[in-house]
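The block underneath contains the structure these notes are about, expressed in structure tokens.
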Amino acid sequence: MNTYDFSAIEAKWQKHWEEHRTFRALGPGDDGFDPKKPKKYVLDMFPYPSGKGLHVGHPVGYIGTDIVSRYARMRGYNVLHPMGFDAFGLPAEQYAIETGTHPRVSTEANVANMLRQLKACALSYDWDREVRTIDPEYYKWTQWIFLQLFHSWFDPSVEKARPIAELVARLEKDDVRLDGGEVVSKSDDRFASLRAWSEFSTAEHHAALGRFRLAYIDDVPVNWCPALGTVLANEEVTNEGRSERGNHPVYRRPLKQWMLRITAYAERLLQDLNDVDWSEALKLMQRNWIGRSEGARVRFPVVGADREVEVYTTRPDTLFGATYMVLAPEHPWVDELTSADRKADVDAYRKTAAHRSELDRQADTKEKTGVFTGGYATNPVNGKQIPIWIADYVLMGYGTGAIMAVPCHDTRDFEFAQKFGLPIVPVVVPTDEWLLEQVATGAAPEGVGSSAGAGGGAGAGPDALRAAYLESPTSFQVAFTGHGKGIHSKNDEVSLDGKETPEAKRTIVAWLEGKGIGRGEVQFKLRDWLFSRQRFWGEPFPILHGPDGEIRAVDESDLPVVLPEIEDYKPIPNDDPEQPPQPSLSRAKDSWKFVELDGKKYVRELNTMPQWAGSCWYYLRYLDPRNDDVFVSPEAEQYWMSPNGVDLYVGGAEHAVLHLLYARFWHKVLFDLGHVSTKEPFGRLYNQGYIQAYSYQDARGIYVDAEKIEEKDGKFFYEGEPVTRSLGKMGKSLKNSVTPDDVMEQYGCDTFRLYEMYLGPLDQSKTWNTQAIVGIQRFLQRLWRNFVDEESGALRVVDETPDEEMLKLLHKTIHGATDDMDGFRFNTTIAKLIELNNAWVGRPSLPRVVADAMVRMLAPLAPHVAEELWQRLGNESSVSRADWPVAEEQYLVDDEIEIVVQVLGKKRGTVRVAAGASQEEIQSAAMEVDTVKPHLEGKTVRKVIYVPGKLLNIVAN
RNA sequence: GCCGGAGUGGUGGAAUUGGUAGACACGCCGGACUCAAAAUCCGGUGGGAGUUGAUCUCGUGUGGGUUCGAGUCCCACCUCCGGCACCA
């Protein structure tokens, strides 16, 4: 083997690593584990093994984390770098249905294929720690964690989860009583009027506790798709209100579903984002999703009824401008508030609203609709009677499902009021900037304030504009929604006039609280997490339903509840949307479905968990994957997770919200209950960019095979016909997929890995171009020829010291490469190695000191060729456990340096000076440079700026 | 509409805190080797001016600004990508 034979080398070393279990991660309790070494937990996002296999875009992140892991090992860390498969879920089940195979069979085939592809990439995972969510040994603990949620409640007084048994004990002692979802202590005025726990029936006990448990059953509006026989996530529903798969109608209707009380953690999920090292963009996405807003709840008494409608507003300072109210069509009090003569209209409106899907409703944001109920409420700040409407621009799911409408200072209310002729009263004075901007955009009425009309160039003055606005706000075509000073906002007890918005808010909230008609409140957009599906391919719930409304957890000792075998795992479709869903598990045998315990007959919960469940905690199972007694041992958990959780978590930005929010939520519950030692799971998170590829469409718009495109003069042709080019994700449908299998067959794994990294920075989207890969291939071949004589196969490495210049290059390369590796800039690391290698091309031999360092630096990036050369250099152990080279300071400094000479900021020449030269010396030398001199002639030097070691700028004029 | 991110040669990209714009690579051009081709090696390669050369000049999406000096900072705008979207 004299030439660079990548297939032989790669096969040899992959076999070697597997046989020697080179990348086994030793942890607490393992023989040979060294607890004195620092640890690094490097994690890839849990992949879903799809039937399509990987394309070259998928491994980018995996190669990146692999390089980080290999580098960390060489820097003396104990590295945990595991991989596994998130294999439950709809796509696998749908694929299984289409192909008529059992989901387990198709899933396992997909896993096997993906495993093969991953292993071909030489990723240094500890495969002994592989987990799969579909294994009962794994989902036993998913079920166990679900039970932790079920058995816990969020105690707002300490802002953490506690065992619900503690609450029950206090209820049984009658220390506390329940007011809906609130725990009321003896000292509270309400206590005496509330029923004691002992007066509750069994069913009431369960219902009452359900309002506290972190996992609970509730009637919630969901996307119900009768044809598919399941509820769907919002992402699975198209804009037309149909299912993405199969294009079946989807209905919005309330259904009894399992929910997880993630909203209890909203504040902590938001706050703790400050303590994690994630990109600001990603944190912002989570913050927006959680959607915290500060405002007030205010109660409006209904005229002629002993009722108060409660609204939530973020602008309590505009209360005096509330000229009508709007309830969501689904609001429970609509019937009661509707007058007899309005009933027909109201019913009709509610019916149409109910038939529109949520997305439908959100789609047309232009035209507001609504009807008057005939009812009136009293504005509590000024006693005015205002009409109550219903409209679908108010959502039942946010706030109280009712709003006070302030048309002058809210865009939606403004549009609605204009359409239905409701009064619009200004209560906040717009700022001058805003007023002038309205003139610029043409929203202000024409001619206002322009003293002499056109020609004079005199624009509308702010004073005139303000007067015009306050006189007639509708003459401006938009609402003023910003902050400003209050106006027309006072009653006998309180005045907001002249107060800036923040102060006005504080003033009115204090007044409302004093009067007992409202209070300040924080709201979140975040909703509780709908956690059940009616499909087969998921984790069964460890829950039994008793005959008297009892909801009983399966004993921990009886876990796992194994997914039963059923004859037909297809979903149970139903054309009638009014029929409740039939979970696939309802087809299980009675022996599975029914359980007798303590003389009672229970029915198993027949829903399954959604796909997110297994991926919410897999990073914990990797720490101790074969433990049958606990989900993770405290020793393993503390060693690998403390102090900041996963040290590096890499994945695509598509999981920015859902997975990362769900996993953080579970982790916090486990933290509160004492099962894990950190409050956040992922201390540092890094989003890798996507790999995009060009796709080509012919005249008909049909995608054509990207591999067969020919380019001529910047135009593209397929079989002679012109085609159009566009950039997009790689995929079969765009006919632009390139598989790692093909690339590796032609160029080898090392070239593939290097090229994927060389394409650009890890966090950026990059465009795949198979053509340019030869550059990397040539690099490895040149490298090989620097080490090995292709004629004889002899090593060209000699024990001699390179000259000073080459030593400097070597150590500067080590210095720079180390820096680049630390910053995940693998593209520039590779560029530096190429430069170092190029410097030796054409020389008769390669000094050992250079060869040694070069191989070490190459090891994390191109592990096979590095191992091979390492061995040829006479080493016996794996280069993957060798030390990363260290740059020697003495070679990083030059005796003589080149200083750039600028005149007035423009480069005019350079001077070579001794490294220690003073500014004066450099300056006088610089003035004499031939190319500099002419630029100084006849000018006076005003100032000289010297950037040490780099540049001298002479300011002369 | 709102919120993020990004625009640098023919191409992917480099320039870490404001300090030589274009490292490295692809492609292209020229040369060496060869009967020839491939591979390899050597040289060139942002635009314009300059007979060659030194050199000059323009140049990091557009237009302004700050600065001795701007790809980098500030303001306005354009384009592309991503997220959210009646959230009161």
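Per chain, numbering begins at 1; letters A, B, ... match sequence-line order.
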Subject >> Contact check, side chains of A:I773 and A:Q746, non-hydrogen atoms, under 4.5 Å >> reply: no
**OP:** Would you mind classifying the nucleic acid contact of A:E835 as base, sugar-phosphate or nothing, using non-hydrogen atoms under 4.0 angstrom?
**Re:** sugar-phosphate
Original post:
Counting only side-chain N and O atoms of A:N827, is one of them less than 4.0 Å from OP1 or OP2 of B:A14?
Top reply: yes
Subject >> First encountered from the 5' end of RNA chain B, between A:G401 and A:G816 >> reply: A:G816
Original post:
Is any side-chain N or O of A:Y312 closer than 4.0 Å to OP1 or OP2 of B:A88?
Top reply: no
Original post:
Does OP1 or OP2 of B:U55 have a side-chain N or O of A:H935 closer than 4.0 Å?
Top reply: no
Might you list the N or O atoms of the protein lying below 3.5 Å from N or O atoms in nucleotides 70-78 of chain B, with each pair's distance?
none

Original post:
Any donor-acceptor pair under 3.5 Å linking the side chain of A:D789 with the backbone of A:R796?
Top reply: no
Original post:
Of all the nucleotides listed (B:U55, B:C68, B:G19), which has the minimum atom distance to the side chain of A:V955?
Top reply: B:C68
Original post:
According to the Watson-Crick and G-U wobble definition with distances under 3.5 Å, which dot-bracket string, read 5' to 3', encodes RNA chain B, using [ ] for crossing pairs and | for pairs with another strand?
Top reply: (((((((..(((......[....)))((((((.......))))))((((.....))))..(((((..]....))))))))))))....
Subject >> Base B:C86 to side chain A:K368, donor-acceptor N/O within 3.5 Å cut-off >> reply: yes
**OP:** Can you figure out which of B:C26, B:G12, B:G19 approaches the side chain of A:V774 most closely?
**Re:** B:C26
**OP:** Just call it for A:S279: base, sugar-phosphate, or nothing, with non-hydrogen atoms closer than 4.0 Å on any strand.
**Re:** nothing
Subject >> Any A:R908 side-chain nitrogen or oxygen under 4.0 Å from OP1 or OP2 of B:C56 >> reply: yes
**OP:** Measure across A:Y349 and A:T352 and return the closest heavy-atom pair with its distance rounded to 0.1 Å.
**Re:** O-OG1, 3.0 Å
Original post:
For A:T767, which contact category applies under a 4.0 Å heavy-atom criterion: base, sugar-phosphate, or nothing?
Top reply: nothing
**OP:** Quick one: label A:A772 by what it contacts on the DNA or RNA (base, sugar-phosphate, nothing), any heavy atom closer than 4.0 Å.
**Re:** sugar-phosphate
Subject >> Pairwise 5' ranking along RNA chain B for A:I830 and A:I403, keeping only the more 5' one >> reply: A:I830
**OP:** Select one nucleotide: of B:A23, B:A88, B:G19, the one nearest the side-chain heavy atoms of A:T828.
**Re:** B:A23
Original post:
Counting any heavy atom closer than 4.0 Å, what does A:F779 reach on the DNA or RNA strands: base, sugar-phosphate only, or nothing?
Top reply: nothing
Subject >> Side chain of A:L759 - closest among B:A88, B:A23, B:G12 >> reply: B:G12
Original post:
Can you check B:G9 for me, syn or anti if syn means within 90° of 0?
Top reply: syn
Original post:
Picking from B:G19, B:C68, B:G27, which would you name as closest to the side chain of A:L904?
Top reply: B:C68
**OP:** Sticking with atom C1', work out how far B:G59 lies from B:G47, rounded to a whole angstrom.
**Re:** 8 Å
**OP:** In whole angstrom, give the distance that lies between atom CD of A:Q688 and atom P of B:G5.
**Re:** 19 Å
**OP:** Counting heavy atoms from C-beta on, name the nucleotide in B:A88, B:C68, B:U20 closest to the side chain of A:E898.
**Re:** B:U20
Original post:
Which nucleotide in the list B:G4, B:U16, B:G69 gets nearest to the side chain of A:D819?
Top reply: B:U16
Subject >> Nearest-nucleotide pick for A:K950, side chain only, options being B:A88, B:C68, B:G19 >> reply: B:G19
**OP:** Could you check whether A:T910 gets within reach of a base, just the sugar-phosphate, or nothing at all, counting any heavy atom under 4.0 Å?
**Re:** nothing
**OP:** Please determine if A:K368 forms a cation-pi arrangement with A:Y393, meaning its NZ or CZ atom is less than 6.0 Å from the six-membered ring centre and no more than 45° off the ring axis.
**Re:** yes
Subject >> Between B:C3 (P) and A:R292 (CZ): distance, integer Å >> reply: 20 Å
Original post:
NZ of A:K766 versus P of B:G12: gap in Å, rounded?
Top reply: 14 Å
Original post:
Choosing from B:C68, B:C26, B:A88, which nucleotide comes nearest the side chain of A:T314?
Top reply: B:A88
**OP:** List the steps, then state whether side-chain hydrogen bond (donor to acceptor under 3.5 Å, both in side chains) holds for A:Y398 with A:S293.
**Re:** CA-CA 11 Å; A:Y398 186 77; A:S293 69; 3.1 Å; yes
Subject >> Spacing of the C1' atoms in B:C77 and B:U45 (rounded, Å) >> reply: 35 Å
Original post:
Taking the P atom of each, how far is B:C81 from B:G30, in whole Å?
Top reply: 39 Å
Subject >> Shortest side-chain distance from A:P761, nucleotide among B:C56, B:G19, B:A14 >> reply: B:A14
Original post:
Which is true for A:L284 with a 4.0 Å heavy-atom rule: it touches a base, it touches only sugar-phosphate, or it touches nothing?
Top reply: sugar-phosphate
Original post:
Any side-chain heavy atom of A:Y747 within less than 4.5 Å of one from A:Y755?
Top reply: no
So which protein nitrogen or oxygen atoms get under 3.5 Å of nucleotides 37-42 of chain B's nitrogens or oxygens?
unit_1, atom_1, unit_2, atom_2, d
B:U40, O3', A:R785, NH2, 3.1

Original post:
What are the two closest non-hydrogen atoms of A:I517 and A:P380, and how far apart are they?
Top reply: CD1-CB, 3.7 Å
